[in-house]
2 protein chains.
Amino acid sequence: MHRKTPLKIIGSNAERTRLHNRKVVLGHLRSHGKLGRAELARLTGLSTQAMSNIIAELESEALILAGERQTKGRGLPAVQYTLNPAGAVALGVEVRPNAILCALVNFLGDTLYTKRIHIESSAPAVVLPAVKTACDEALSSIGKNAPPVLGAGIVMPGPFGRVGLTGAGKAELVGWDDKDPQALFEDVLQVPVRVENDATAAAIAEQTTGSATDLQSFCFVYFGTGLGLGVISNGEILRGAFGNAGELGHVVVERGGRLCSCGNRGCLETYTSRMAAREFLQKRGKSAENQKDLSDLLAVNDPDLEKWICEAADPLAQAIGTLENLFDPEAVILGGAMPPELLERLIAKLNLIDATVSVRADRTLPRVVRGASGWMTAALGAAALIIHDTYIPSISKVA
Amino acid sequence: MHRKTPLKIIGSNAERTRLHNRKVVLGHLRSHGKLGRAELARLTGLSTQAMSNIIAELESEALILAGERQTKGRGLPAVQYTLNPAGAVALGVEVRPNAILCALVNFLGDTLYTKRIHIESSAPAVVLPAVKTACDEALSSIGKNAPPVLGAGIVMPGPFGRVGLTGAGKAELVGWDDKDPQALFEDVLQVPVRVENDATAAAIAEQTTGSATDLQSFCFVYFGTGLGLGVISNGEILRGAFGNAGELGHVVVERGGRLCSCGNRGCLETYTSRMAAREFLQKRGKSAENQKDLSDLLAVNDPDLEKWICEAADPLAQAIGTLENLFDPEAVILGGAMPPELLERLIAKLNLIDATVSVRADRTLPRVVRGASGWMTAALGAAALIIHDTYIPSISKVA
DNA sequence: TTGAATACTCAACTTAATTGAATTAAATCT
DNA sequence: AGATTTAATTCAATTAAGTTGAGTATTCAA
C-alpha cells in the first residue's frame, strides 16, 4: 500500500484458472445464497461437468454445504449448495494510536468475536506483539478444531506515505513511516495480510454483510477520525495510485471557508465530522467526546446538536453531489463511528442537489442510505476484506 | 452503457486462458516496446514454452514482428519482438449533434485517417448510414489488402440515460433515448463496437499514444462541449454504475455561485470550459466560437482572454484538488478541444492546493500535465479504446 | 403410462499449460 | 584459442482442467 507497485499483469495457466473458477463459484453462491450445479454452470459459462468437479473440491474442503434437493418445475431437482459459514474465518484488526481493535468473522463475514486493547505506544515494537496476542486470543475463542484462517485485514490510519496532508493533525501512527506493514504483520501472524484504510474496509464490510450486498458500485462515507470515503466501482475497490484515494475530509466545499488543520480553508471535515461536532458542542459547553455522549444528546433532542446537524448537512449534501457526479454510484452510504440515529437525522436533513447524474427516473434505491456504524466497523471491515478476496477473482493482476 | 448491466462474473477455460495470455503478451510488448520470449515469460509468469507457442501464434497473425537478435550479456541473444503497427486497425467515431468525426488508427494507435462529415439531423436513421459510409471510406483509404479491423469505438455525448442533468442545455442527440447504440452500430458496421463518453475515450487515447503511456492511474480533464473527466485507476477505466462517472462540469466549486444551465449554482463548467470562455469574451465584444478564434486571441496576448484564464484557473485548481484527494492519481492531465497553448497558460496560472494526497516528497511528474488536444481527440480516443481492449485482459467480467 | 424436461455422472477427448532434456550462440575463463 | 559458463530457445512427454457426448435418475404433464 505504501509505495506504488507498478502493477504486474500476469498470464494464466490451468492452476490459476481453477483458482479463478473457484472464486467465481463462491462469489455466485454468496450473492445468490443457494444454487444448484446446473444453474451455477449457466451463470459462470462453464460446463456442468467442470462445475461438478469444482463443487466436489469445494465441498471436500468444507467451504460449501450440500443442502436439500429443490424442485423447480420439471426435471431432477437440483441439490442446493450454500456457503458454509463455519468453513473458514478471517481476522480483522484496526490499529489506532492508542488502541487495537481485533475482530474475528466467519466465512459469511458475521462477527464471531471482538476485543479492544489499549496500547501505550503505536510503535511497531509495541503494536506487532499486541496484535499477535489479540489474534491468538480471538482464534482460541472459537475452540480447538478451528476452521482455516483465510488471512488478516489490517486497518491503519491513512494517508499512506509522506504526503501533503501528513502532520495535518491527523491521528497518525509514529514509527511506521519507512516500514512495510504488510510484510511485518505477515511475518508476525503467519497468515496472508492485507492493509487498507478504514473507509475502504468499512465499505467492504457494508458489501459483505450490510446494506450494500446487492450493490456493485457505491460510495461509503466513513465517519472516523476525520472523514473518509470508500469507493467500490463495478465490484472493484478504488484505491488510487498510492492507496490514498477517498480523502473526502479535505475536499473543499467552501472557498475561503473555515481554516482546517491541513492548512486549507473550507475542507468538508471542518463542517461534517465527529471532530467538527465535538468542537461545535464544546463551544456551547457540552461534551461530545464519544458516541455515547452524542447518543445521549440526541436522546434528549439537544437543540445545539440539532443545530450542528443542520449546519453539517449542507456541506455534506454538496459533497455527495460531487461524489455522485464523479463516481456515478448506485447509492451513497453513510456510516462509521457515529450513532445510527444521528446518521439518520443527518440524512433526513440533507438537501441534495437535484441535478446530478444520480437523479434518475428509474431509481429504486434512495440516493443516500445509512450503513453500518459502531466502533468496530473498520476492524470488521478489515476482516470482510479477506472474505471479499476469496470471492472476487483477479487472475490478471498481482501487486 | 445506457442501462445498468449487473455485471456477470464468468469462469475461465483453456480457450479463454489463451485469449487472456495473448492480451497479456501484447500489453507487455506495448509498454516495453521490444522484448524477447524469455523475458516475456518472466514478466508474465508463464513458462518459456508457453510463451513460444503464444508468440508463434501472434506472429502468424502478423500482430507482432520478429526483430534482430539482441545481445545482452552472455547466452544466446534473444529475438526481439515488437507490435506490428500494420497488424490491425481500429475505427473511432465521434457523433455530435451536427457532425460526425471519423478516425482510423493502426495497431499502435497512430492516426491513419480522419474526416469530418456534416449531418443535418442526429436521428439514428441519419447517423447510422452516415457513420457506415464514413467508416467504409476510412477503410478504403488504406488500400486493398487492409489488415483486420479490431472494432469501432463510438463516442456519444453523455450523460447516458434520463438523469437529472438531461436537458440542462447539454448538446444532446435526439432520437436515441430508448435505443441501444452499441447494438445498432454493431449491426450496421459488422465489427465489435464500444460506446463511451468523450472524456473517457480521450483519456484512453492519452494512455495509448499521449503523455500517459507510463501511467496506471490518472485523471483526464476534457474540454469538450462541457467539461468532462476520464479516470483510469490502476489501469482500469472508471465508468460508474451507469457509465456516467466523471461529470466534472457540474461539480460545485462555489456555493451559491454562478447559475448553471443545469439549475444549480457554482458548477465548475460555468467558470472553466469552452462555453465559459466564449461567454466571457462575448460580453467583451470578442468572438471565440472555435479553437482558431481562441488561438488568434492568444497569439496577440489578448488581455480579456488573459483575464478569463486567471478567472478560470482558481475554480479549476480547487477541482483538481478534489480529484487528487478522491482519486489519488499519478497526475491530472488537461486536454480536449482547446488550443494547446491555452492549456499551457491555464496550467501555468493554476494555484494548486498544497495539502492533498498528491503532494508527495517523492514526486517526479508534475501534478498537472497538458495532454493531447484538438478536434479529433475524442474520435481518436474512441479508436484507441478498441486498441486498448486488445491489450487489457478481462477474463472475469462480461457486460 | 409414457414422453419431455432437467440435473447429474461417467468416460473419452481437447486445449493449453508445465517439465526436463537437448541445442545454439554469446561471454568469460584458462 | 579452446573450454566453460550462461542464457534463449526448441523438442518431446506429461499434466491440469476444461469440453463433449452418452447414459441415468427424477419430476411434470399430457
Side-chain angles (χ1 to χ4, degrees), chain A residues 9-26 28-29 32 34-61 64 66-82 393 395-396, chain B residues 9-26 28-29 32 34-61 64 66-82 393 395-396:
Chain A
I9 311 251
I10 63 168
S12 179
N13 56 21
E15 193 185 343
R16 298 203 263 256
T17 295
R18 171 56 73 95
L19 201 73
H20 168 89
N21 288 346
R22 284 170 54 115
K23 290 190 178 194
V24 170
V25 170
L26 292 172
H28 278 105
L29 283 177
H32 290 82
K34 242 188 193 184
L35 287 169
R37 283 175 247 235
E39 193 162 7
L40 273 166
R42 278 190 299 268
L43 286 169
T44 57
L46 297 176
S47 64
T48 56
Q49 186 54 56
M51 193 49 60
S52 251
N53 296 337
I54 295 166
I55 291 285
E57 191 179 283
L58 291 172
E59 200 181 357
S60 81
E61 294 173 31
I64 61 173
E68 299 290 287
R69 296 196 104 101
Q70 187 163 307
T71 307
K72 290 177 182 165
R74 279 190 189 182
L76 180 88
V79 177
Q80 299 299 113
Y81 288 90
T82 53
I395 283 199
S396 49
Chain B
I9 311 252
I10 63 169
S12 180
N13 55 22
E15 194 185 342
R16 298 201 263 257
T17 296
R18 171 56 73 97
L19 202 71
H20 168 88
N21 288 346
R22 284 171 53 116
K23 289 188 179 196
V24 171
V25 170
L26 291 173
H28 277 105
L29 283 178
H32 290 83
K34 241 187 194 185
L35 288 169
R37 283 175 247 232
E39 193 162 6
L40 273 166
R42 279 191 297 268
L43 285 168
T44 57
L46 297 176
S47 64
T48 56
Q49 185 54 55
M51 194 48 60
S52 249
N53 296 336
I54 294 166
I55 290 286
E57 193 178 280
L58 291 171
E59 199 180 358
S60 81
E61 295 173 31
I64 61 173
E68 298 291 288
R69 295 196 105 101
Q70 187 163 305
T71 308
K72 296 177 181 164
R74 283 190 188 183
L76 204 168
V79 177
Q80 298 300 112
Y81 288 89
T82 52
I395 282 199
S396 51

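Order of the sequence lines fixes the chain letters, A, B, ..., with proteins taken first and strands second; residue numbering starts at 1 for each chain.
Taking B:Glu39 as the reference, B:Lys72 meet the side chain to side chain donor-acceptor pair (under 3.5 Å) condition, with sequence neighbours excluded.
Rounded to whole Å, the distance from CD on A:Gln80 to P on C:dC8 is 8 Å. What separates NZ of B:Lys72 from C1' of D:dA7 is a distance of 12 Å, to the nearest Å. Nucleotide C:dA17 holds its P atom 11 Å from the CZ atom of B:Arg22, rounded to whole Å. Separating the NE2 atom of B:His20 from the P atom of D:dA17 is a distance of 16 Å, rounded to the nearest angstrom. Rounded to a whole Å, the CG atom of B:Leu40 is 13 Å from the C1' atom of D:dT9. Residue B:Ile55 contributes atom CD1, which lies 13 Å from atom C1' of D:dA8 at whole-angstrom precision. Counting to the nearest Å, the C1' atom of C:dA5 and the CG atom of A:Leu76 are 11 Å from each other.
When heavy atoms are screened at a 4.0 angstrom cut-off, B:Arg42 is found touching the sugar-phosphate backbone but no base atom.
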Scan nucleotides 18-22 of chain C against the protein and return all N/O pairs shorter than 3.5 Å with their distances rounded to 0.1 Å.
unit_1 : atom_1 : unit_2  : atom_2 : d
C:dT18 : OP2    : B:Ser47 : N      : 2.9
C:dT18 : OP2    : B:Ser47 : OG     : 2.2

Please produce a list of atom pairs where a protein N or O lies less than 3.5 Å from an N or O of nucleotides 28-30 of chain C.
unit_1 : atom_1 : unit_2  : atom_2 : d
C:dT28 : O4'    : B:Arg74 : NH2    : 3.1

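In this structure, A:Asn21 reaches the D:dG18 phosphate: one of its side-chain N or O atoms is under 4.0 Å from OP1 or OP2.
Looking at A:His20, its side chain never comes within 3.5 Å of a backbone N or O of A:Ser12 through a donor-acceptor pair. When atom types are taken as modelled, the side chain of B:Arg16 and the backbone of B:Gly11 share a donor-acceptor pair closer than 3.5 angstrom. Judged by distance alone, the side chain of B:Arg69 and the main-chain N or O of B:Gln80 form no donor-acceptor pair under 3.5 Å.
More than 12 heavy-atom neighbours from other residues, nucleotides or ligands sit within 6.0 angstrom of CD on B:Glu61.
By the 4.5 Å heavy-atom criterion applied to side chains, B:Leu46 and B:Ile54 are counted as neighbours.
When only modelled atom types and interatomic distance are considered, B:Glu57 and B:Asn53 share no side-chain donor-acceptor pair under 3.5 Å.
Where A:Arg69 and A:Arg18 meet DNA chain D, the nucleotide closest to each residue was compared, and A:Arg18 sits on the side nearer the 5' end. Between A:Pro77 and B:Glu39, the residue whose closest nucleotide on DNA chain D is further toward the 5' end is B:Glu39. Of the two residues near DNA chain C, A:Ser52 and B:Ile54, the one whose nearest nucleotide lies more 5' is A:Ser52.
A salt bridge does not link B:Lys34 with B:Glu68: every distance from a Lys NZ or Arg NE/NH1/NH2 to an Asp or Glu carboxylate oxygen is 4.0 Å or more.
Listed here is the closest heavy atom pair of B:Pro393 and B:Val24: CG-CG2, 4.0 Å.
With distances taken from any side-chain atom of A:Glu15 to the nucleotides C:dA25, D:dT10, D:dA17, the minimum falls on D:dA17.
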